[in-house]
Amino acid sequence: MTFKQIILITLSFITLTINAQKVSVNHVGEIFTRDFDKEKFHEYEVKLVENEFFLASITDQGIDVKATVYTNDGSKLLEFDDNGFNGEFIKINSKHGGTYLIKVEPYTIQNTSGKYSLQIEAIETIGLTKTDRIKQHLKFWESHISEDISGLGLVIIKDGETVLKNTYGKANLEYNIPLSNNSIFDIASLAKQFTGFAIATLVEDNKLALEDDVSKYIPELPDFGVQLKVSDLIYHTSGLRDIGELFDLGAFGNRLTSDKVLEIVSNQKALNFQPGTSHSYSNTGYVLLAVIVERITNQTIGEWSRTAIFNPLQMKNSFVNDNPELVIKNRAVAYNYNQGKPNFRQENGMALIGSSAVYTSMNDVTKWLQFLQSNKAEDKRLITLMTTKGRLTNGDDINYGFGLSVSEYNGLKFISHSGATPSGFNTLIGHFPDQKLSFAIFSNTGSINPIELIGKDIISIFLKDLFEKPLNDLPKQLLDVEATKLLEGHYQFSEDMTVHFFIENDRFYVNANKDIHQLEPIDTTNFRLSALDSNIEFLLDEENKAFKAIISSGDNIIANMPKVSAIKDTSVAKVTQKKTPLNTERFVGKYYSDELLMSIDVKKRNAKLCLESSKHGVVPIKHEKENYFSGFGDLEFIMAGDHSVTGFKLTRGHRMKDVYFKKVLF
């Protein structure tokens with residue numbers, strides 16, 4: 001670091017310190033509403049005695065903020081961002097007592113205008129029992145029970161027994177109906193584990209084999225020129241384009257059922273990748289698995305699930321819903337929050353059996369969690385099959401089983417799955433089989449992240465003493481800034497998310513969907529991500545440029561992340577060659593996709609290109625380089641030998657690649 005840089009950073013720190021005004025917070029119910037018009041951050045000081053618990057809530061109002069907690073000696077203790085109702089919940093467990101500093105600041109320097117409110121929810125002695133400590137983390141709902149807030153349901157099972165089951169907030173804000181343990185939730189993608197149960201049962205009964213060709217049961221599927229196996233549907237290795245993306249984009253009406261899915265998939269011309277070579281989450285595959293169950297059993301998936309799962313487990317209020325317009329008694333309504341206020345969104349017309357479309361209650365999901373902890377030999381055999389990891393053709397394991405994620409959490413085997421709907425349901429199931437700890441968190445608001453809100457607290461309170469101890473013998477290294485610059489950039493973590501590695505103030509950080517953590521160097525290409533108990537290794541090419549980052553925990557690879565850009569480059573380096581004026585006229589015209597049954601017009605508006613369709617309106621597109629554009633996904637225009645445009649391929653993340661639109665009108 002140069003002298004000039006040191007001076008600039010020092011001046012910046014002095015400026016921030018001058019602007020900061022420290023406020024003491026020591027009374028439950030205190031509310032502070034502030035903005036950043038004149039200050040760059042705010043500081044709150046709280047003094048806690050030994051074994052005291054502190055809880056505060058932050059509600060964002062037109063600005064995204066984050067909160068960081070520091071100990072009395074200035075050490076960073078905790079960071080909170082995006083885990084509540086358009087805001088944060090700040091939690092401190094003071095084992096030894098002391099003074100803590102809470103720093104609230106805008107999440108980005110680009111958006112510093114707006115207000116937030118910070119309210120003190122609890123300052124009390126840490127609960128004596130684990131259940132009491134969990135309840136303390138949920139004090140927000142208890143203290144706001146009379147207010148119009150949607151809420152959540154929670155159940156925890158330990159060693160087969162229910163240690164906590166409760167609901168908080170409202171099932172319906174319009175009619176002031178509280179949530180109850182019998183309220184019916186749409187559990188979204190948690191439905192996949194019930195489909196996985198059905199497939200595992202058929203395999204155990206020798207009515208189905210994982211190596212079977214899917215066309216044996218669904219002959220109307222197109223011939224993609226390669227074998228598509230049942231196991232490819234289970235482990236998300238089929239390469240089938242995701243039905244959600246196709247339905248959102250295409251002209252398929254406003255109702256999506258399994259019959260419509262078959263119609264859409266039967267019209268596809270290609271796969272995203274060769275089956276078995278990659279893992280990409282696909283709702284399409286689980287809809288097809290439900291169809292296979294129906295054709296083997298001669299029952300609807302709803303009938304089969306009722307007789308084989310729900311009735312035996314006495315899940316009396318659980319069912320598969322294949323009708324988007326079905327009237328459901330005791331239904332919880334979903335909401336999204338904007339600037340602290342709830343917004344109601346109608347359902348989206350989907351009834352994707354197999355992939356989603358299962359409805360259940362907290363009382364019923366308790367029975368399912370108890371099944372996951374069953375000691376019966378036949379149950380354990382089935383669960384073992386369901387939680388066996390898939391494998392790619394190159395031999396790499398996949399952290400996915402039969403509708404369940406199979407991974408590790410701090411060295412402990414962890415079975416889980418989450419679900420979310422556009423209308424606002426957020427659901428999560430977590431299961432530690434060796435410790436016989438299971439939990440479910442259901443929310444009827446899209447503004448809650450279940451694992452961040454309370455899931456991690458449950459795991460820590462019950463299992464922290466069993467966590468894999470971090471390696472203390474790793475030598476402390478200083479960051480080699482120049483070498484690390486070669487690693488900066490965006491990397492593809494999953495089909496719908498990239499992460500950003502960057503250097504700031506001589507420190508190396510990762511930004512994963514606004515969740516920022518510092519990386520600790522082990523050497524020039526290996527780093528420790530302590531916040532997530534994992535390691536990251538960067539792979540370099542012959543020119544010493546990073547092309548991939550691998551996240552691992554113990555012996556398990558969590559993610560292989562290629563370095564990417566929006567225009568399919570292998571690097572995010574900017575194109576430096578001199579640009580020539582773009583001839584936009586050749587791109588103008590009407591394009592049609594016989595896979596999506598829709599047309600898109602490419603037009604010029606104010607000298608700039610845009611896409612126009614009856615479903616999506618006008619969408620501007622940005623020229624990236626050559627024949628690549630972005631703005632409605634990634635577009636690659638196809639050129640003929642005379643440089644005229646014949647069509648374009650549209651990609652929207654890893655779930656839908658290279659859908660072809662032919663130019664039909666010039």
Side-chain angles (χ1 to χ4, degrees), residues 9 64-70 75-83 88 103 105-111 399 405 407-411 414 418 449 451-452 455-456 468 470-471 474 476-541 544-554 556-566 569-574 653-654:
I9 292 172
D64 186 9
V65 304
K66 68 176 181 178
T68 310
V69 178
Y70 298 88
S75 300
K76 180 178 176 180
L77 181 64
L78 299 163
E79 185 172 286
F80 301 92
D81 181 62
D82 286 342
N83 59 12
E88 329 301 334
K103 180 179 177 181
E105 58 191 319
Y107 180 78
T108 65
I109 60 174
Q110 287 79 21
N111 180 17
N399 290 338
S405 295
S407 60
E408 283 192 358
Y409 190 101
N410 283 308
F414 184 44
S418 60
N449 181 337
I451 189 67
E452 294 293 338
K456 288 183 177 179
E468 188 176 77
L471 296 175
L474 291 176
K476 293 290 183 181
Q477 299 285 337
L478 295 176
L479 184 72
D480 186 332
V481 176
E482 292 303 317
T484 308
K485 285 180 180 178
L486 300 174
L487 312 178
E488 288 186 296
H490 292 79
Y491 295 73
Q492 194 78 43
F493 177 78
S494 65
E495 60 270 12
D496 51 9
M497 186 177 80
T498 61
V499 298
H500 181 210
F501 293 95
F502 64 96
I503 299 172
E504 185 174 294
N505 293 338
D506 284 357
R507 295 179 180 180
F508 197 32
Y509 295 93
V510 58
N511 181 348
N513 197 24
K514 298 195 296 185
D515 188 12
I516 298 178
H517 299 288
Q518 183 179 344
L519 301 173
E520 304 159 13
I522 299 172
D523 54 37
T524 55
T525 57
N526 288 274
F527 296 81
R528 178 72 179 160
L529 181 53
S530 298
L532 301 179
D533 192 31
S534 58
N535 293 325
I536 300 180
E537 178 186 6
F538 292 85
L539 304 184
L540 307 180
D541 60 19
N544 276 336
K545 293 181 179 179
F547 66 90
K548 181 182 286 189
I550 300 174
I551 303 180
S552 62
S553 179
N556 292 298
I557 293 178
I558 298 172
N560 276 288
M561 304 185 298
K563 199 173 186 182
V564 296
S565 77
D569 286 338
T570 57
S571 170
V572 294
K574 294 181 179 179
H654 279 201

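- What you find for I503 and V481 is that their closest heavy atoms are CD1-O, 3.7 Å.
- A heavy-atom distance below 4.5 Å is not found between the side chains of S405 and N399.
- I536 has its side chain out of reach of I550: every pair of non-hydrogen atoms, C-beta onward, lies at least 4.5 Å apart.
- When side chains are defined from C-beta on, E408 does not count as touching F414, because their heavy atoms never get closer than 4.5 Å.
- The structure places NZ of K66 at 5.5 Å from OG1 of T68, a figure rounded to the nearest 0.5 Å.
- Between N526 and D523 there is a side-chain heavy-atom pair separated by less than 4.5 Å.
- Applying the side-chain contact (heavy atoms from CB on, under 4.5 Å) test between F527 and each of L479, N535, I522 identifies L479 as the sole match.
- Between E504 and R507 there is no salt bridge, since none of the side-chain N atoms of the basic residue sits less than 4.0 Å from a carboxylate O of the acidic one.
- Taking the side chain as every heavy atom from C-beta outward, I451 and N449 approach each other to under 4.5 Å.
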Carefully, step by step, assess K563 and H490 under the rule side-chain contact (heavy atoms from CB on, under 4.5 Å).
CA-CA 6 Å; K563 199 173 186 182; H490 292 79; over 6 Å; no

Between N511 and F501, does a side-chain contact (heavy atoms from CB on, under 4.5 Å) hold up when you go through it step by step?
CA-CA 6 Å; N511 181 348; F501 293 95; over 6 Å; no

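- A 4.5 Å side-chain heavy-atom check between V499 and M561 finds at least one atom pair inside the cut-off.
- Contact of the L529 side chain with the S534 side chain is registered, since non-hydrogen atoms from C-beta on lie closer than 4.5 Å.
- Contacts of K548 classified as salt bridge (Lys or Arg N to Asp or Glu O under 4.0 Å), with partners at least two apart in sequence or in another chain: none.
- Annotation: ring-ring contact (aromatic ring centres under 6.0 Å, His included) contacts of F502 (sequence neighbours excluded): H500, Y509.
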Take Y491 and F538 through the test ring pair (Phe, Tyr, Trp, His ring centres under 6.0 Å) and record every step on the way to the result.
CA-CA 11 Å; Y491 295 73; F538 292 85; 5.7 Å; yes

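- A salt bridge links E482 with K485: the distance from a Lys NZ or Arg NE/NH1/NH2 to an Asp or Glu carboxylate oxygen falls below 4.0 Å.
- Nearest heavy-atom pair across D480 and T524 is OD2-CG2, 4.2 Å.
- The side-chain heavy atoms of Q518 and F508, taken from C-beta on, include no pair separated by under 4.5 Å.
- Between the CG atom in L487 and the CG atom in L540 there is a gap of 6.5 Å [rounded to 0.5 Å].
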